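In what follows, a structure is listed as structure tokens, so that the remarks can point back to it.
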Amino acid sequence: MESPADLLGFSDTTRVEVFVEKHAANCEQLATALSELGFCLTEQQTQEIRRGKDFIQLRNGPFDLDLVFAPDGIERFEDAWKRHVEPQGFPVAHIDDIVASKEAANRRKDKESLPRLLSFERG
């Protein structure tokens with residue numbers, strides 16, 4: 001599996017990260033789809049997905065997955081969707097949104113990868 005940044009040509013990020021539009025029907029369908037894909041969701045994880053918890057890490061399926069309903073640095077899904085790109089026919093957040101999210105999250109691993117990501121973005 002490739003991450004959004006991988007599809008843009010930058011391979012220094014979480015393997016699979018999905019920014020999900022938060023509304024009830026979408027969340028319910030997502031919980032069902034993940035189970036069908038082979039994720040062994042706990043009841044707590046299922047409830048977190050159904051209510052659209054801001055950030056959920058899943059390590060109990062065919063691949064590691066981060067579900068992000070409210071990424072740092074991005075105010076609205078609709079705005080990010082307008083800026084998305086589609087390398088290889090797959091919808092991916094624009095590199096500027098990936099950078100903004102990492103800057104806003106201010107995590108150590110993001111601080112370490114930001115200079116490389118910014119260098120890649122300009123290159």
Side-chain angles (χ1 to χ4, degrees):
M1 302 295 289
E2 293 183 285
S3 77
D6 284 337
L7 289 170
L8 294 172
F10 182 78
S11 61
D12 195 317
T13 61
T14 303
R15 293 307 301 159
V16 180
E17 189 172 285
V18 179
F19 179 14
V20 182
E21 184 176 17
K22 186 176 177 177
H23 60 76
N26 197 35
C27 294
E28 186 63 39
Q29 291 171 347
L30 179 59
T32 300
L34 289 170
S35 292
E36 291 173 1
L37 282 171
F39 283 86
C40 300
L41 300 175
T42 65
E43 184 58 34
Q44 179 181 348
Q45 289 171 324
T46 300
Q47 292 307 316
E48 289 173 347
I49 294 167
R50 287 182 175 149
R51 74 172 188 268
K53 182 180 175 188
D54 287 354
F55 181 78
I56 304 165
Q57 287 188 316
L58 300 176
R59 304 294 182 254
N60 52 356
F63 50 89
D64 290 348
L65 175 66
D66 292 349
L67 297 176
V68 185
F69 288 91
D72 294 319
I74 301 173
E75 292 298 318
R76 298 177 341 126
F77 180 90
E78 296 81 13
D79 296 336
W81 185 255
K82 289 176 188 173
R83 293 184 294 268
H84 86 279
V85 295
E86 295 197 15
Q88 302 176 30
F90 189 79
V92 174
H94 189 277
I95 194 80
D96 291 344
D97 285 328
I98 296 170
V99 168
S101 181
K102 290 186 173 300
E103 287 176 335
N106 204 29
R107 298 176 299 188
R108 180 179 176 186
K109 70 178 189 173
D110 293 328
K111 288 179 185 179
E112 291 171 354
S113 70
L114 263 171
R116 293 184 300 277
L117 183 58
L118 290 167
S119 174
F120 167 81
E121 178 185 28
R122 292 182 195 118

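Index from 1, following the sequence. Side-chain atoms are counted along with the backbone in the values below, which use heavy atoms only and exclude waters and symmetry mates. As the structure is a computational prediction, the values presented were derived from the model and not from experiment.
- Between S101 and P71, the shortest heavy-atom distance links the atoms OG-CB, 3.9 Å.
- Note on I74: it does not cluster hydrophobically with L118, by side-chain heavy-atom contacts below 4.5 Å among ILVMFWY residues.
- Considering every non-hydrogen atom in both R83 and H94, the closest pair reads O-CB, 3.2 Å.
- Under the 4.5 Å side-chain heavy-atom criterion for Ile, Leu, Val, Met, Phe, Trp and Tyr, L58 and L37 are members of the same hydrophobic cluster.
- Taking the side chain as every heavy atom from C-beta outward, N60 and Q45 approach each other to under 4.5 Å.
- For the pair S119/R116, no side-chain contact is recorded, criterion being any heavy-atom separation below 4.5 Å from C-beta on.
- Here the closest non-hydrogen pair linking A31 and T46 is CB-CG2, 4.4 Å.
- Taking every heavy atom of both residues into account, Q57 and R59 meet most closely at NE2-NH2, 3.1 Å.
- Looking at heavy atoms from C-beta onward, N26 lies out of side-chain contact with L30 at the 4.5 angstrom threshold.
- Residues F69 and F19 share a closest heavy-atom pair of O-CE1, 4.0 Å.
- Of all heavy-atom pairs spanning C27 and I49, the tightest one is CB-O, 3.2 Å.
- The shortest side-chain heavy-atom distance between K111 and N106 falls under the 4.5 Å cut-off.
- Following chains of ILVMFWY side-chain contacts shorter than 4.5 Å, one cannot reach V68 starting from I56, and the two form parts of different hydrophobic clusters.
- With hydrophobic clusters built from ILVMFWY side chains whose heavy atoms lie under 4.5 angstrom apart, F55 does not share a cluster with F77.
- Cluster membership for V92 and W81, using ILVMFWY side-chain heavy atoms within less than 4.5 angstrom, is not shared.
- Taking 4.5 Å as the limit, every side-chain heavy atom of Q47 sits out of range of all side-chain heavy atoms of K53.
- Atom CD of E86 is surrounded by more than 12 heavy atoms from other residues, nucleotides or ligands within 6.0 Å.
- Taken to the nearest 0.5 Å, the CZ atom of R76 stands 10.0 Å off from the CD atom of E21.
- With values rounded to the nearest 0.5 angstrom, R50 atom CZ is found 9.0 Å from L41 atom CG.
- In this structure, the separation between CD1 on I98 and CG on D110 is 11.5 Å, given to the nearest 0.5 Å.
- Under 4.0 Å is where a charged nitrogen must lie from a carboxylate oxygen, and between D97 and K102 no such pair does.
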Full working for salt bridge (charged side-chain N to carboxylate O under 4.0 Å, His left out) between E78 and K82: CA-CA 6 Å; E78 296 81 13; K82 289 176 188 173; over 6 Å; no
